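Taking it in order: structure first as structure tokens, then the write-up.
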Amino acid sequence: DPVALTDPHSAGDAELAFEGALRPKTLDEFVGQRRVRGQLQLLLRAAELQDRTPDHILLAGPPGLGKTTLAMIVAYEGGRPLRMSSGPAIQHAGDLAAILSSLVSGEVLFIDEIHRMARSAEEMLYLAMEDFRIDIMVGKGAGATSVPLELAPFTLVGATTRAGLLPNPLRDRFGFTAHLEFYDEAELELVLARAARLLGLDIDGEAVAEIAGRCRGTPRIANRLLRRVRDYALVHGARPDVTSVKAALELYDVDPLGLDRLDRAVMTTMLERFGGGPVGLSTLAVSVGEEAETIEAVVEPFLVRIGLITRTPRGRVATPAAWRHFGLAGPGAEPS
Ligand code: ATP
């Protein structure tokens, strides 16, 4: 499916099994994000020396950059059990109370998409994070009383694509916020080489570099493209060399910059309907039929990073490079 191939959010069942097999287990195996790795290392080591649970950690950044992987590493490195949940699964304070009250001492609780948790649960979480305690309401109406419940000490690892959406009291209770960045091509080559080794795939450096340039700065997409290249080589009885890579990725409609369907829709809408901008985020979102949140958290950061759009106070503006990439004449261009 050409759409799913470069969509950094989505992952089917086969995809998840594949991701699991390739997931680094330790900080040393984790490629790139040097700053974040150093910061986490210090935080984990300090906790170990003081024989306490590590501080709560917030991981912020676009999808597919390794937030879930880092949460697993935090648990694995400390030899701690891990509980996984997500914001959308916590729709009532009771959902969170059930999770928190069943944690064992030292457990790592991972909440993905923490910005999507119910408001009432958020408030319960403040106290839990700070004092390892929650207040449970018993009874209804005038007779209702709150009963305090002690929790086992735990480490919360929250992940969000939108750190800006978290209320301040929640953000302030994390001991450390890691901002994950898109990976550069050299790092992606390391991710790909590692994955190829684990898959027993004999692929040369040139082919790896070709894939690295097309995976949207995102390890999840790198691994996925590698899998399609492996399929292509298998079916065609070919070596997974740069020729196979180009043919496979062309077949799946991955362009040389690695732009996906939504990236391209946003760009062509900006260029063709809005003359390159400036155009506001919500107008753009409505025009391509996508949520503004997705455009802002997933699409825009990458397009800004590769220099196709800039953000100005009046809205988003396409750069000359964008006009060139889409083979269109920009404003003020000489008629040919
Ligand atoms: P989401 O927020 O959408 O769940 P994520 O940021 O949690 O995404 P992960 O699920 O951790 O992303 O990573 C996706 C895949 O990319 C993993 O299976 C892992 O194999 C690979 N990966 C991520 N980061 C790295 C890395 N630094 N080194 C090697 N592989 C990585």
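All values derive from a computational prediction rather than experimental measurement. In each ligand, atom 1 is the first atom listed, and ligand 1 is the first ligand listed.
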Between the candidates Thr218, Thr68, Leu188, Val191, which shows the shortest non-hydrogen contact distance to atom 4 (O) of ligand 1?
Thr68
Check ligand 1 against Gly64 and write out every atom of the ligand that is under 4.0 Å from a heavy-atom position of the residue.
1 (P), 3 (O), 5 (P), 6 (O), 8 (O), 12 (O)
Salt bridge (charged side-chain N to carboxylate O under 4.0 Å, His left out): pairs with one or both residues in residues 102-111, sequence neighbours excluded
Arg83-Glu107
Using a 4.0 Å cutoff against the non-hydrogen atoms of Lys67, which atoms of ligand 1 qualify?
2 (O), 5 (P), 6 (O), 7 (O), 11 (O), 12 (O)
Min N/O separation Leu65 to ligand 1 under 3.5 Å
yes
Below 4.0 Å from ligand 1: does a non-hydrogen atom of Ala159 turn up there or not?
no
Please verify the inter-ring angle class for His56 with Phe132; under 30° counts as parallel, over 60° as perpendicular, anything in between as tilted.
perpendicular
Are Ile57 and Leu103 grouped together when hydrophobic residues (ILVMFWY) are joined by side-chain heavy atoms under 4.5 angstrom apart?
no
Smallest heavy-atom separation, Leu40 atom then Leu70 atom, equals CD1-CD2, 3.9 Å
Which ligand 1 atoms are under 4.0 Å away from a heavy-atom of Thr69?
9 (P), 11 (O), 13 (O), 17 (C), 19 (C)
Give the atom numbers and elements of ligand 1 that come within less than 4.0 Å of a heavy atom of Asp112.
4 (O)
For atom 26 (C) of ligand 1, which candidate among Val31, Ile73, Asn223, Leu192 provides the closest heavy atom?
Val31
Is a salt bridge present between Glu296 and Arg162, judged by a nitrogen-to-oxygen distance below 4.0 Å?
yes
Report the part of Pro63 in contact with ligand 1, treating N, CA, C, O as backbone and CB onward as side chain, heavy atoms under 4.0 Å; options are side chain, backbone, both, neither.
both
Ignoring hydrogens, what is the shortest heavy-atom contact between Ala209 and Glu189? Give both atom names and the distance.
CB-OE2, 3.6 Å
Decide, yes or no, whether a salt bridge links Arg264 with Asp253 under the criterion of side-chain N to carboxylate O below 4.0 Å.
yes
Just which atoms of ligand 1 are under 4.0 Å from any heavy atom in Leu22?
20 (O)
When only distance counts, is Arg23 in polar contact with ligand 1, meaning an N/O pair under 3.5 Å?
yes
For residues 56-79, pull every pair meeting salt bridge (charged side-chain N to carboxylate O under 4.0 Å, His left out), keeping only residues two or more places apart or in separate chains.
none
Please verify whether a non-hydrogen atom of Gly32 lies at under 4.0 Å from ligand 1.
no
